[in-house]
Amino acid sequence: MKKDKKQKTLQRIMEYMKPYRFLIFASLVLAVISVALTLYVPILTGQGVDCIISKGNVDFARLISIIKTIVICIVLTAAAQWLMNHVNNQITYKIGKDLRIQAFEHLQKLPLSYVDAHSSGDLLSRIVTDIDQFTDGLLLGFTQLFTGVITIIGTICFMLGINPWITLVVVILSPFSFFIASFISKRSFNMFRKQSQTRGNMTGFVNEMLGNIKVVKVFDHGEKAQEEFDQINDDLVLIGLVAIRDDVRPSAKDAIREVQEAGIQVVMITGDRLETAVAIAKDAGLLKNESDRALSSAQLNQMSDDEVKAILPEIRVIARALPTDKSRMVRLCQEMNLVVGMTGDGVNDSPALKRADVGFAMGSGTEAAKEAGKIVILDDNFSSIKDAIWYGRTIYHNILKFCRFQLVINVAAVVVSAVAPFFGVEEPLKVTHLLFVNLVMDGLGAMMLGNEPALHKYMKEAPRKRDESIISKDMAIQIGWSGVWLVILSFLFLKLPVISHIFDNEAEHLTAYFVLFIFSALFNGFNVRDDRFGIFKRLNENPDFLKVFFIIMLVQTIIVNAALIPFPLFTWIGNMFSCIPFGAKGWIVTVLLSMTMIPVDCLRKLVFKCGK
């Protein structure tokens, strides 16, 4: 029975996909191209490595040809993957649209008694949520199924050419892995189905309890009920009235003020009456000026989209709101290229939470809302949203700091490596030196700057546009300024006789330059910590910075002086990095020159008045 049901379900899915078979075929072709190019890049990389490490001179002509081919393959792979994702999105969007139309057509044919009394909850919300989940799964299936199957086939063919016996073992073990994956997927599906049924039953139970209030009006018993109420209370005398007021949390008022100072427009969308909503909004600090507007859902629905967009910056309150009002406001804001955050706790809020750029689901809300939202506010407090914005901006600033830190190193390394041969220095930075820069400095550099503390000034900045470039004008100037100085410092260190005479031979000189390059990058890490001159402040709030700083220095010192330790391992390390020990005078000069990164960048901040 279950097998027949699964077959029928699969047949229905195939029928929905049939009108879009051309797009599915195009997605399959793009997946084949993407996987083929992806598998071809490692082969080209191996050929390039063979050109470098093979005996004799390096075949630069073939190496350049291979690099060009790799770049072309990467570009074509990215283009194929983008097109494939675009095609898959089109397929799932159209199938989802067809399902919605068909579902609502069936819904209109249902008896009114079923719609009013069915215990499975809000039918419309469940239809929307289930179709969204189905299309998300379909999109994931198109993307992963095509690429996964083709990748497996391509990998097996590639392995077959290398070792048939290993290929045979993989083929034998593959059905076992498929069995495990099938078992896990079945368990996950059953858990999801039970969760969905439980959620529907709970929502239906609440709706049935609330629905009894409507029975009086539906069956025209309103006047009779009022007469009975008056008879019961005819002999009662009013002696007092008690009013209960639910005050706005003081922390919420402060949080709203801070968010508004951060340039974020806060709009209260509520089901309360307009008069109640206006009173709460004034108390919370949302309505301050005469230009601030409070609208009811009826007033909002009488306006066209263009009219709403015209007054959108002035809207502060929407009362008697429907779930569709939230979705409409999200859509209009996104059409104006604004980044939208939306809060919600009910099943009806799920579409708006899912559509918003950032959906904030309440911790006390329904599971459907939590699944649709991107962030769950466990304490249902607006202050937590403010903190999320604050720490989100902090993470963004820390990413920018790392980009400044790393791009200066990369720009200088590329320029020095490319230009140095024209000045008589064949290879100032060895391959192992560049690997050390990319592997060690990338990972540990991220640890240095990724834990920088949250600053209150971040909440005074205006929001960034959705399409704003990550590299701003000030950031480009800092990268260029520090990168140029590091290049100049590199050539002065390599070519000035007064410096080269400090070292006994060229090997010591190049080893010292390796130290200079790494130490200069480390001292530049202080420069990116602050836009002004507070580069040494708050180091106690980021202890990882100094830890990583001194760890890299220690590792660098060990690599340079490894030859002094009488063990074969340390000798091998020194030879691998082409480093030999040099004297204390050379260390002093190298460290002092690398420290010039700090005053040079301070000069830039003074000239360009950065951070003001």
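Being a predicted model, the structure only gives us computed values, none of them experimental. Position 1 is the first residue of the sequence, and the numbers go up from there.
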A.B. asks: Using modelled atom types only, decide if a donor and an acceptor are shared between the side chain of K370 and the backbone of G363 within a distance under 3.5 Å.
C.D. replies: yes
A.B. asks: Any donor-acceptor pair under 3.5 Å linking the side chain of D345 with the backbone of G365?
C.D. replies: no
A.B. asks: Kindly compute the distance separating CH2 (W390) from OG (S384), expressed to the nearest 0.5 Å.
C.D. replies: 13.0 Å
A.B. asks: Which atoms form the tightest heavy-atom contact between V347 and T366, and what is the distance?
C.D. replies: N-OG1, 3.5 Å
A.B. asks: Is the closest basic N to carboxylate O distance between D325 and R320 below 4.0 Å?
C.D. replies: no
A.B. asks: Strictly distance-based, threshold 3.5 Å: is any side-chain N or O of K374 a donor or acceptor partner for the main-chain N or O of A356?
C.D. replies: yes
A.B. asks: Output yes when a side-chain donor or acceptor of R466 lies under 3.5 Å from a complementary backbone atom of L338, and no otherwise.
C.D. replies: yes
A.B. asks: Could you state the interatomic distance from CG (L400) to CZ (R393), rounded to the nearest 0.5 Å?
C.D. replies: 12.5 Å
A.B. asks: Atom CD1 of I256 and atom OG of S383: how far apart are they, to the nearest 0.5 Å?
C.D. replies: 9.0 Å
A.B. asks: Under the side chain to side chain donor-acceptor pair (under 3.5 Å) test, which residues partner E461, sequence neighbours left out?
C.D. replies: H397
A.B. asks: Give me the atom names and distance for the closest heavy-atom approach of A412 to G483.
C.D. replies: CB-O, 4.2 Å
A.B. asks: Using the rule given for side chain to side chain contact (heavy atoms under 4.5 Å, CB included), can you reason through V317 versus V267, listing the C-alpha separation, both sets of side-chain angles and the distance that settles it, and then say yes or no?
C.D. replies: CA-CA 6 Å; V317 176; V267 180; over 6 Å; no
A.B. asks: Say whether, by atom type as modelled, one donor and one acceptor occur between the side chain of T92 and the main chain of N89 under 3.5 angstrom.
C.D. replies: yes
A.B. asks: If you measure from the Lys or Arg side-chain nitrogens to the Asp or Glu carboxylate oxygens, is any gap between D305 and R331 under 4.0 Å?
C.D. replies: yes
A.B. asks: Please tell me if the side chains of I409 and Q406 come closer than 4.5 Å, counting only heavy atoms from C-beta onward.
C.D. replies: yes
A.B. asks: Between E261 (side chain only) and E258 (backbone N and O only), is there a donor and an acceptor less than 3.5 Å apart?
C.D. replies: no
A.B. asks: Should we count OH of Y396 as having more than 12 external heavy atoms under 6.0 Å?
C.D. replies: yes
A.B. asks: What distance do S27 atom OG and L83 atom CG have between them, rounded to the nearest 0.5 Å?
C.D. replies: 10.5 Å
A.B. asks: Which pair of non-hydrogen atoms, one from S297 and one from A321, has the smallest distance, and what is that distance?
C.D. replies: CB-CA, 4.0 Å
A.B. asks: How close do F402 and A446 get, heavy atom to heavy atom, and via which atoms?
C.D. replies: CE1-N, 3.5 Å
A.B. asks: Using the side chain to side chain donor-acceptor pair (under 3.5 Å) criterion, which residues pair with R529? Sequence neighbours excluded.
C.D. replies: E452
A.B. asks: With a 4.5 Å cut-off on side-chain heavy atoms, are F382 and V266 touching?
C.D. replies: yes
A.B. asks: May I have the step-by-step check of side chain to side chain contact (heavy atoms under 4.5 Å, CB included) for I264 and I389, ending in yes or no?
C.D. replies: CA-CA 10 Å; I264 299 172; I389 296 170; 3.6 Å; yes
A.B. asks: Measure the CD1-CG distance between I91 and L23 for me, rounded to the nearest 0.5 Å.
C.D. replies: 5.0 Å
A.B. asks: Counting C-beta onward and ignoring hydrogens, is there a side-chain heavy-atom pair between I385 and V259 closer than 4.5 Å?
C.D. replies: no
A.B. asks: Which heavy atom of E307 sits nearest to which heavy atom of S304, and what is that distance?
C.D. replies: OE1-N, 3.0 Å
A.B. asks: Got a second to check how far C403's SG is from N398's CG, nearest 0.5 Å?
C.D. replies: 11.0 Å
A.B. asks: Just do the side chain to side chain contact (heavy atoms under 4.5 Å, CB included) check on V528 and L449 with the steps written out, would you?
C.D. replies: CA-CA 9 Å; V528 303; L449 300 168; 3.8 Å; yes
A.B. asks: With a 3.5 Å distance limit and no angle check, can you tell me whether K326 reaches the backbone of N348 through a side-chain donor-acceptor pair?
C.D. replies: no
A.B. asks: With side chains defined as the heavy atoms from C-beta onward, is the minimum distance between M342 and D349 less than 4.5 Å?
C.D. replies: no
A.B. asks: Tell me, do I311 and M303 make a side-chain contact under 4.5 Å, heavy atoms counted?
C.D. replies: yes
A.B. asks: Does a side-chain heavy-atom distance below 4.5 Å link M329 with V308?
C.D. replies: yes
A.B. asks: Output side-chain donor-acceptor pairs under 3.5 Å for residues 72-81, partner residues at least two apart or in another chain, one line each.
C.D. replies:
{"from": "T77", "atom 1": "OG1", "to": "C73", "atom 2": "O", "distance (Å)": "2.6"}
{"from": "Q81", "atom 1": "NE2", "to": "S34", "atom 2": "OG", "distance (Å)": "3.3"}

A.B. asks: Taking the side chain from S469 and the backbone from S472, do they hold a donor-acceptor pair closer than 3.5 Å?
C.D. replies: no
A.B. asks: Does any N or O in the side chain of R328 come within less than 3.5 Å of the main-chain N or O of L300, such that one atom is a donor and the other an acceptor?
C.D. replies: yes
A.B. asks: By salt bridge (charged side-chain N to carboxylate O under 4.0 Å, His left out), which residues pair with D292, not counting sequence neighbours?
C.D. replies: R316
A.B. asks: Any side-chain heavy-atom pair from R355 and Q334 closer than 4.5 angstrom?
C.D. replies: yes
A.B. asks: Heavy atoms only: give me the nearest G263-P463 pair and the separation to one decimal.
C.D. replies: O-CG, 3.4 Å
A.B. asks: Testing the 3.5 Å rule here: is there a donor-acceptor pair between the side chains of N524 and N527?
C.D. replies: yes
A.B. asks: With sequence neighbours left out, write down each residue that passes side chain to side chain donor-acceptor pair (under 3.5 Å) with S364, or none if nothing qualifies.
C.D. replies: D380
A.B. asks: Given L286 and Q260, is the side chain to side chain contact (heavy atoms under 4.5 Å, CB included) satisfied, shown in steps?
C.D. replies: CA-CA 9 Å; L286 287 175; Q260 289 175 333; 3.8 Å; yes
A.B. asks: Can you confirm whether more than 12 heavy atoms, excluding those of K68, are under 6.0 Å from its NZ atom?
C.D. replies: no
A.B. asks: Do E335 and L332 have side-chain heavy atoms sitting under 4.5 Å apart?
C.D. replies: yes
A.B. asks: Using the side chain to side chain donor-acceptor pair (under 3.5 Å) criterion, which residues pair with D98? Sequence neighbours excluded.
C.D. replies: Y20
